[in-house]
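Chain identifiers are assigned alphabetically (A, B, ...) following the order of the sequence lines, protein sequences preceding nucleic acid strands; residue numbering begins at 1 within each chain. Values reported hereafter were calculated over all heavy atoms of this structure, with side chains retained and with hydrogens, waters and symmetry mates removed.
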Amino acid sequence: MCHSSPTTMILIVVVYSCVKTGVAMSEWTTEIEAKWQKRWYDAKINEAERDSRPKFMIIFAYPGLTGYLHVGHMRGYTYVDAIGRFMRMTGHNVMFPVGTHATGNGAISLARRVERGDQKTIEYLKNNGCTDEDLEKLKEPLSVVSFFNDVYIQQYWKRFGFLSDWRRFTSTVHPGYSKFIQWQFRKLHDKGLLFQKPYFAPACIECGPVAVDASETDLSKGGNAETTEYTLLKFKCEDYSLVAATVRPETVYGQTNFWVNPDVEYVKVKINDEIWVISPQSFEKMKLQKDGMELMGTIPGRELIGKMATAPVIHRDIPVLPAKFCKPEVGTGLVTSVPSDAPDDWMSIHILKNNDEMIQEYGLDPAMVKSIKAIPIIDTKGYGPLPAAELIEKMGITEAGDPRLDEAKKMIYKDGFHTGVMNLNCGPFAGMKVEEAKEKMKQMMLESGEADLFYDLSEEVICRCGQPVFIKKVPDQWFIDYANPEVTEQTKEHCKGMHILPADYYNNVQGVLDWFRERACVRQGNWLGTRFPYDDKWIIEAISDSTLYPVYYIISKYYSEGVIREDEMTEEFFDYVLLGKGDIKTVSENTKVDLDTLHNIREDVLYWYPLDLNLGGKEHMTVHFPAFLMNHAAILPKDMWPRGIFVNWYVTGKLGKISKSKGGAEPIPDAAGKFGVDSLRLYYAHIAVPFADVAWDEDAIVTYEARMERILRTIDSLKELKGTDLKDVDSWLISRMNTRIDTIRDCMYEYDIRGMANEVYFEALNDMRWYMRRGGRNKKTAQKALEIWVKMMAPITPHIAEEVWESLGHEDFVSIADYPEYDENDSDFGAEIAEEYLESVIDDIKEIMKVIDNQNAKIAEENPSATPKKPGTIYIYTTPMWKMKIQAMAKDMLGNMRLPALLRPAAVSREMMRSGNENDSILETAFDAGKKAASRMLAIPALTKAVMANNELKKRGKESADFARKLAEEFNKKSDVEIAKATLELNEYDYLKEAESFLASELGCDVKVYSADDSDAPDPQNKARASAPKRPAIYIDLV
RNA sequence: GCAAGGGUAGCCAAGCCUGGCCAACGGCGCAGGACUUAGGAUCCUGUCCUUAGUGGUCCGAGGGUUCAAAUCCCUUCCCUUGCACCA
């Protein structure tokens, strides 16, 4: 409890008398958390060693080490621990290892920020509990790694009571891990899955390669920039080429003129045997992408104006005209003009045509200028032949500098790209879709030498060091070939048999794998990680070194316990233990690893692998998971490919995603102390399905905390029961719990933690309370139910479960007890139906009472002095025998008629729709059969006939027939033979009679139960007539 | 742009795959009552409209399939998320 006043303290003393006295909830939980964690770890129940049990290996995708984690991260981790605990309790030998991903520049960047005393960073670290002493250490990247490794383990995972095997902990910068990664890359290389080709990547002039992404770990500005590919178009003009950059190469057929900014001093650059004219800014960038560029001199833009240049593809001479919208920092600072589809071009021509002064100033031929006419080239849906002109008019733009021109440009580009078709002016491309023509025309021009390519960032990007970031050519970049068709196919096929959650992702992963293509896998520069085995200058990139690693957890134990050293972890070593390659004696001689160890590791690998479940956040769906799957498929034998993937969504802040670097949520240890770990675990498990984001809301956690308290109080009350009588409600409770066990096991088979939590912490709690409310007082029943319940809780709220378990007199851990199992003998469907029946009777009575209240209110409105009528005695009349008889007949007739699902008309017609073949004869037959069967279901005449054949019932005439019809209708709506049977077996009169006093206390007035067959029963309003099976008639006598 | 997900009563959130015990689990909030000196504690009850336990309307909007639709199909509006050298 976060707000414990002195009085609440007193209450708690009373409430927790059986568990713990004298402390507030949060103090109490903190105390028991530490206590049980110590006991678990001392007893090593978390440690995983090979044995004869079936194994279960589960991990979460290890977190990147870039600082403190926040409460959101614990969501997925908690799922993993809870699933692991459940599996452990259902007879599995569970391995749940953890690690951290330190590859990358997160630690480096953090260390640098600490070193230079960055205020925001220091503040953030201190808010998370970092001391001044710690800060000193954090100036060195590897210390950052070890510092946070410790924080993650001690403050997060152990704090949450995870039964992780700590001996297996590894970090990606551990030497043993590096050895493993190098082995992995040698295997990829052997399989021909590594290759080199030039690559264009963002790089700082000073620091080398940097990552441009929104989190801006490498950057001080421009994290949202995107790489744009420009097609460079060369326009022959005298002895040089004017080079324009465009993102719309498909528009070359519409070129009418060329734009030059008169105020820019352009440069002449020699490249191969051509001379290009471009802006100086673009030259700086281009140098990084093209070899052998040489500055020859400069040329003022003004000087170019009025010349003629030969446009590519169309080979027409077009005039060079002045335009101020050509910015030297964008593209090449030179622009080709396509007024049909480019609003800027249209506007500038329009203005120039009407500005004689300007024409004169630049010495242009007025006739030539005025003769320029836009050439329609693309038919775009919703536009005429000249989209630019059309949109400008529609938007009412009249000036060259109008910012809406940009908006117009984007609109036309977007619409043109998706809906446009090249028209007859476009030579061989006429009739082709823009999407297609764009690529084809670009290729054509590249081949003919009329065009080239140039990459640029969409906005200014500045490195952390202050230098600009440009796109730089990396000539010998290594890639992993994830597009490899064979591996892709194998992986896709394997996924079909995997347990992938959510189901959407199960389907989508097929598409993701198709889409997954070559991926740059090494980088240079400031970076922690493993050296690339084939070339030391490269370091393996962060996604690529975290794909096969789960298998390394099996080995990491031997490494961290010093049984093997990194120099012994050779290619031969891994080949043997992971692939079974080679002869154990030879391997032992060569590696110096002793035979036993080699044998043990190999056996461990065979035992533990494949991985049963890999859980990760949704960001992994298109990044980590496909790589994880494909590396397994590429390197390991088929029987070691993973079995399951679980994708979880996020915990967001109220204003958006909680960010690791920006903070926004309270530190994990603080939350744990404030609410209690088990309350938090329950919160994660139950707040929503794992496949939806939830907003972090402390109020919500408080309610889960309150629920835990309520459960504890209920447990205390149950423990106090001393009775020996057995009532109906006793077998009801046991049966109920038994049903819950069944449901929970079904849930957990699908890793449905929320479903499980709902049963245990909500439904079962209601059962316990109902039991006591109904007068259940039996000590044995209570004890049995309690033991089941506490075991049920152990996966999600283990600390409290242990504490209660101990208070029940157990000396072992509930964490390794057997999870409750469904027991046929405990099942009492009749008892469950009976209690349901009782509840529905109460509901009906309350419904009537509500109506009475409403009526009283109405009367009071009209006549304030009237005395409101109050329920005096409630009369209940249970169904007469003859109706039961009809019910029995209906059950017999209809019970066996339940259609198999496939024959139901709706199912069949849906099948027909899906197959798209309405003539499918099999389906048609099924459809007919379904129809026929359905008509049989509505067997009203049949039932009526049967009823009338019975003399006794026939005597009642219409009354019997009416009831038969009603019943048949009812049955057709919701026929369940089991329920019908149980209903018939229930003696309603006896049952309600016994519950009379309970009903009276529930409803607050006298209750009298009669049978409708009892002719002596008082029935002033003749209600008894209306009674039916499971629906007794009710009369409330008002006083 | 590409790919995916979602819109459910005041709010949060189940259900949807496998149509029918769905006026729609549960929680919060709110209202009333009980217990109390008091309560932000706890326990009961209620919480779409109407109504002696019935009926009506309802699951973003509009169509359709079906004996039957929150659930299946189509159209449409709105929102969210991921997108590669970033972990």
Between the protein and nucleotides 45-48 of chain B, list every N/O to N/O distance that falls short of 3.5 Å.
{"residue": "B/U45", "atom": "OP1", "partner": "A/Arg773", "partner atom": "NH2", "Å": "3.1"}
{"residue": "B/U47", "atom": "OP1", "partner": "A/Lys850", "partner atom": "NZ", "Å": "3.1"}

Check whether any side-chain N or O of A/Thr172 sits under 3.5 Å from a backbone N or O of A/Thr103 as a donor-acceptor pair, and report yes or no.
-> yes

A/Tyr877 meets the ring-ring contact (aromatic ring centres under 6.0 Å, His included) criterion, sequence neighbours left out, with none

Quick one: look up who B/G20 pairs with, Watson-Crick or G-U, both distances under 3.5 Å, and put none if it's unpaired.
-> B/C67

Counterpart residues, salt bridge (charged side-chain N to carboxylate O under 4.0 Å, His left out), relative to A/Asp746 (two or more places apart) | none

Look through every strand shown and name the nucleotide pairing with B/U42 as Watson-Crick or G-U wobble, where both distances are under 3.5 Å.
-> B/A34

Using atom types as modelled, flag every donor-acceptor pair under 3.5 Å from a side chain in residues 504-515 of chain A to any protein atom, sequence neighbours excluded.
{"residue": "A/Tyr505", "atom": "OH", "partner": "A/Met621", "partner atom": "O", "Å": "2.7"}
{"residue": "A/Tyr506", "atom": "OH", "partner": "A/Lys496", "partner atom": "O", "Å": "2.4"}
{"residue": "A/Gln510", "atom": "NE2", "partner": "A/Lys492", "partner atom": "O", "Å": "2.9"}
{"residue": "A/Asp514", "atom": "OD1", "partner": "A/Lys492", "partner atom": "NZ", "Å": "3.0"}
{"residue": "A/Asp514", "atom": "OD2", "partner": "A/Lys492", "partner atom": "NZ", "Å": "2.9"}

Contact letters for nucleotides 2-12 of chain B, in which S counts primed atoms plus P, OP1 and OP2 and B counts the base, heavy atoms under 4.0 Å = S-SS-------

By side chain to side chain donor-acceptor pair (under 3.5 Å), A/Asn856 pairs with (sequence neighbours left out) none

Any side-chain N or O of A/Arg769 less than 4.0 Å from the OP1 or OP2 oxygen of B/C43?
-> yes

Under the salt bridge (charged side-chain N to carboxylate O under 4.0 Å, His left out) test, residues paired with A/Lys433 that sit two or more places apart = none

Looking for any heavy atom pair under 4.0 Å, which part of the strands does A/Tyr704 touch: base, sugar-phosphate only, or nothing?
-> nothing

Considering residues at least two apart in sequence or located in another chain, which fulfil the salt bridge (charged side-chain N to carboxylate O under 4.0 Å, His left out) criterion with A/Arg773?
-> A/Glu1002

A/Phe998: partners by ring-ring contact (aromatic ring centres under 6.0 Å, His included), with sequence neighbours left out | A/Trp770

Hunt down the Watson-Crick or G-U wobble partner of B/G1, both distances under 3.5 Å, from any strand shown, or write none.
-> B/C83

Determine the contact category for A/Val689: base if any of its heavy atoms lies under 4.0 Å from a base atom, sugar-phosphate if only primed atoms, P, OP1 or OP2 are that close, otherwise nothing.
-> sugar-phosphate

Ignoring backbone atoms, test whether A/Gln855 places a side-chain nitrogen or oxygen under 4.0 Å from the OP1 or OP2 oxygen of B/U51.
-> no

Under 4.0 Å: is that the gap between some side-chain N or O of A/Arg517 and OP1 or OP2 of B/C83?
-> no

